[in-house]
Amino acid sequence: MARQANSIFLEEWLRNNSGVSANITSRQSSSSSSSSARAIIQAWTDLRDSLQNHRFQPHHLQSLKVLLNSQTSLHVADPQAKLLLSIISSRNLDLPSESYPLLLRLLYIWVRKSFKPSPALIDLAVEVLTNVLDAEFSVKKSPFFYAEGLLLLGAFSFAPYVPEKSKMACLQLLCGLLEGEYRLVSSFEGILPDMLAGIGYALSSTVDVHFVRILNSLFEIWGKEDGPHATVCHGLMILHLIEWVISGFIKSNYTQKIEVISQEILEKPKENYGPFSLIMGAAGALRASAKSATSGMGQGILARLRISAENLIESVAQDLISKAGGVSTSDDDIASSLLLQCISLALARSGSLSSNRPLFLCLASALLKEIFPLQNLYMRVHKYLHSNSSQLKCNEVREHLDSVLFKEAGVIAGVFCNQYALVDEESKCIVEDVIWDYCQDIYLGHRRVALLLHGRDDELLGVLEKIAESAFLMVVLFTLSVTKHRLNSKFPHETQIETSVRILVSFSCVEYFRRMRLSEYMDTIRGVVVSVQENESACVSFVESMPSYADLTNWQDFSVLQKMEYIWYKDEVQTARILFYLRVIPTCIERVTAPIFRRVLAPTMFLYMGHPNKKVARASHSMFVGFISSGKDSDQDERVSLKEQLVFYYMERSLAEYPGTTPFKVFAYKADIWKNWQGESEPCKEIVELLLRLISLVDIQVLSNLMKLLAQLIMKLPKDGQNLVLNELFSLVAESDDVTRKPTLVSWLQSLSYLCSQDTSRFANSTEVGGDRNSVSAQATNSSDLHARL
């Protein structure tokens, strides 16, 4: 955000508020560090010597630079100013061209910091400056000479102690330089803050002459082919320049010049005023009026200023939207891109504006195309890797991260959400659709880029993900606004459900970029999940939006185009999306019908049980547990049948991954649901039966640990259950021809049989039927003894 105008030097304030480095424009500074007091004293002494000896040598030029290194703290008194005037006007000194900008800068410091200089010295200074610019500038013309001349002329015209006649002379000369020598700025645009500061001082002069002429120079220079380039930083300088000027008028209750700005710039701008400068000028007027809302100036004047500024920005926005045909997310011409950036920054720095369709749609375009230009960046990465097109360099993306536009993304997103709350429904729907599509696009784009750049250009991938992470935050803020607006009784239930599903799908696409816990994110999730839970069609719609098993495991286009094998579990972007589904779907598992679970969820669930990421594997197990525990299907027989069909493959799949991605508590959970051994629990008996049969599948290195855990599980069963399992185990071991495992299993089974023949209450008194069902991993009372004997 912009800093307050508390700097005595206007050009520095403009630089600071536009994101331009303070030292980028100055050739007169050889060092960024301040000079010592001794060095400053010696520099003044050397300059006096040069005048007395009528010789200006290289070390005298260095003395000027020493003084300017301490510009902020340096004070130039009248005697020192007279010395400088004598040097610059002396016919006995052969001054190098480089010395003139330095001498003018020191005189500028004198003008800005002096409280009440000698009137005679002021008259002399204006006379000398006029002569120097007339006589020397045409011969020793340079961008620095030009900028310092404008700055000093403007400072003289603004200083309260300068006579009106001298001010008029300075303004006349300043106008001539602006109109005749503006091309010098384009040769070195680093001097632009100095030129604009000179204009700002001149506009703020108590003399009205040439006011419209100077305004005209300020706004028409950007449309000239040989003028300075229109950029975001330059636009911000215009914004804060106009803010500074109008704020001064308001404080001084100078209404006439404010009315001129409203009429000449905001209401009836000339055709050669570019929209770039007009937008930023209008934003500056808005910012000044907002800061001075409680001033003593007539509210009618400020109201007119504000209305005129808003209308101008809206007019430019309307032209952009008409040209693009709505929200634009594709590459536009450079001029349109610049205007979108300027509109977004103008709104961010101008405070609250009346909501309207053009501004809202322009903000959407700016956010998706200019501030978070991921689609364009992904396309450039792809072209670079598969053609001879220019490389997208990491530094180029870093420059975007460091730009003023990106740094103010949060503020712009906030303005965007505020606009959403107040615009018409049609505009809301248009932008909602664009945002949801954007989420899908960056999911697909980042999947490809992440796989291509991983291990190849991790630095570039990292900076791209920083942009994507910020885009995720914008999406979260926007979806929260959508949730608050649409999920209420004002809208039909169908609309609420459709919105909820689209938000969940969009969140799944950007889940990979979620790097922190956000209350806005959780609030949105909670709000939309409730809507989905209450409606079977919504739940089915969300489930069916999940990528299919074929798409997850075989990205044919990627493999062919990239000439590299696609490995599904290395696709981290896709994995994050599936993990989102695995976490959300269990909350509405009761609404998932058996056919949908069989066709859509089961293949993916079993696939991700084997994912190397244990967090993902656990989520897959949890989904299965949720499905097994559910039971409100309209066709209950079909659901039970599906459970029986899936459970065997589930156990086999789980054991195949044990202990890598399958925790033993997954199996122990079956004991918890084995509630009625004598009742309707045949599938549960079959689970344990399969567990016993598949014990031969696990790796021999983990067999011992699994046997201990399995013994605990068996000890928790009722007596009849223990006998049944032991009989089954005896049969299995007897039939086994696995010479490696069989001796171990025989010894283990003998010990287990002995324990079961004892008083089982001392092992399982807290886990028998009717005991605690929530702790599926509870151990027997004497678990240490059990472990030792098995």
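Side-chain N/O atoms of Y512 and H446 include no donor and acceptor closer than 3.5 Å. One side chain, S336 or D333, offers a donor N or O that lies under 3.5 Å from an acceptor on the other. Side-chain polar atoms of H240 and E243 form a donor-acceptor pair below 3.5 angstrom. Using modelled atom types, one finds a donor on one side chain and an acceptor on the other under 3.5 Å when comparing E370 with S337.
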Practice problem: Any chance you could lay out the side-chain hydrogen bond (donor to acceptor under 3.5 Å, both in side chains) test for S427 and R357, step after step, and finish with the verdict? | Solution: CA-CA 6 Å; S427 299; R357 176 188 176 93; 3.1 Å; yes
Quiz item: So L607 and W568, side-chain contact (heavy atoms from CB on, under 4.5 Å) or not? Walk me through it.
Solution: CA-CA 10 Å; L607 174 68; W568 66 272; 3.5 Å; yes
Exercise. Check step by step if side-chain contact (heavy atoms from CB on, under 4.5 Å) holds for I578 and V616.
Key: CA-CA 8 Å; I578 298 303; V616 179; 5.7 Å; no
Practice problem: Please test E432 against K428 for salt bridge (charged side-chain N to carboxylate O under 4.0 Å, His left out), starting from the C-alpha separation and ending with a verdict. | Solution: CA-CA 6 Å; E432 286 172 19; K428 283 185 172 76; over 6 Å; no
Exercise. Step by step, work out the side-chain contact (heavy atoms from CB on, under 4.5 Å) result for V592 and E536.
Key: CA-CA 7 Å; V592 180; E536 181 175 307; over 6 Å; no
Self-check item: Candidate pair R380 and E396, rule salt bridge (charged side-chain N to carboxylate O under 4.0 Å, His left out), full reasoning
Solution: CA-CA 12 Å; R380 290 183 60 189; E396 185 178 347; 2.7 Å; yes
Quiz item: Please walk me through it: do R486 and E425 pass salt bridge (charged side-chain N to carboxylate O under 4.0 Å, His left out)?
Solution: CA-CA 11 Å; R486 296 213 179 274; E425 281 301 316; 3.1 Å; yes
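Using a 4.0 Å cut-off between charged side-chain N and carboxylate O, R515 and E465 make a salt bridge. Note on R599 versus E544: salt bridge recorded, some NZ/NE/NH1/NH2 to OD/OE distance being below 4.0 Å. Here E469 does not pair with R514 in a salt bridge; the nearest charged N to carboxylate O distance is not below 4.0 Å. Checked for salt-bridge contact, R577 and E511 miss the test: no charged N lies under 4.0 Å from a carboxylate O. A salt bridge is defined here as a Lys NZ or Arg NE, NH1 or NH2 lying under 4.0 Å from an Asp or Glu carboxylate O, and E534 with R591 fails to meet this definition.
Screening L374, V510, D433 for a side-chain contact (heavy atoms from CB on, under 4.5 Å) with Y438, the sole residue that qualifies is L374. Checking each of V482, V529, I503 against T524 for a side-chain contact (heavy atoms from CB on, under 4.5 Å) leaves exactly one that passes, namely I503.
Counting heavy atoms from C-beta outward, S506 and I435 have side chains that stay 4.5 Å or more apart. Annotation: side chain of L504 is in contact with side chain of I525 (closest heavy-atom distance under 4.5 Å).
Closest non-hydrogen pair, C362 versus L340, comes out as O-CD2, 3.7 Å.
Checked by atom type and distance alone, the side chain of T495 never pairs as donor or acceptor with a backbone atom of F491 at under 3.5 Å. Using modelled atom types, one side-chain atom of S365 and one backbone atom of L361 make a donor-acceptor pair closer than 3.5 Å. Side chain of S622 to main chain of R618: a donor-acceptor pair is present (N/O by atom type, distance under 3.5 Å, no hydrogens or angles). Formation of a donor-acceptor pair under 3.5 Å by the S403 side chain with backbone atoms of H400 is found in this model. At distances below 3.5 Å, not a single donor-acceptor pair connects side-chain atoms of Q341 with backbone N or O atoms of V232. Side-chain N or O atoms of N554 include none that pairs as donor or acceptor with a backbone N or O of A550 at under 3.5 Å. A donor-acceptor contact shorter than 3.5 Å is absent between the side chain of S641 and the backbone of E638. Distance alone, capped at 3.5 Å, places no donor-acceptor pair between the D551 side chain and the P547 backbone. At least one donor-acceptor pair closer than 3.5 Å links the side chain of D458 to the backbone N or O of G455. Judged by distance alone, the side chain of T604 and the main-chain N or O of L601 form no donor-acceptor pair under 3.5 Å.
By the 6.0 Å contact criterion, CD on E572 is open, its count of non-hydrogen atoms from other residues, nucleotides or ligands being 12 or less. No more than 12 heavy-atom neighbours from other residues, nucleotides or ligands sit within 6.0 angstrom of OH on Y569.
Residues passing the side chain to side chain donor-acceptor pair (under 3.5 Å) test with T553: none are found, sequence neighbours excluded. Applying the side chain to side chain donor-acceptor pair (under 3.5 Å) criterion to S322, with sequence neighbours excluded, gives Q318.
The ring-ring contact (aromatic ring centres under 6.0 Å, His included) analysis of residues 410-433, with sequence neighbours excluded, yields the pairs F360-F416, F416-F478, Y420-F478, Y420-H485.
Aromatic ring centres of Y608 and H611 lie closer together than 6.0 Å.
The aromatic rings of Y521 and F507 sit parallel, their planes meeting at an angle under 30°, below the 60° perpendicular limit. Ring geometry for Y581 against F542 counts as parallel: the plane angle stays under 30°, on a 0 to 90° scale with 60° as the upper cut.
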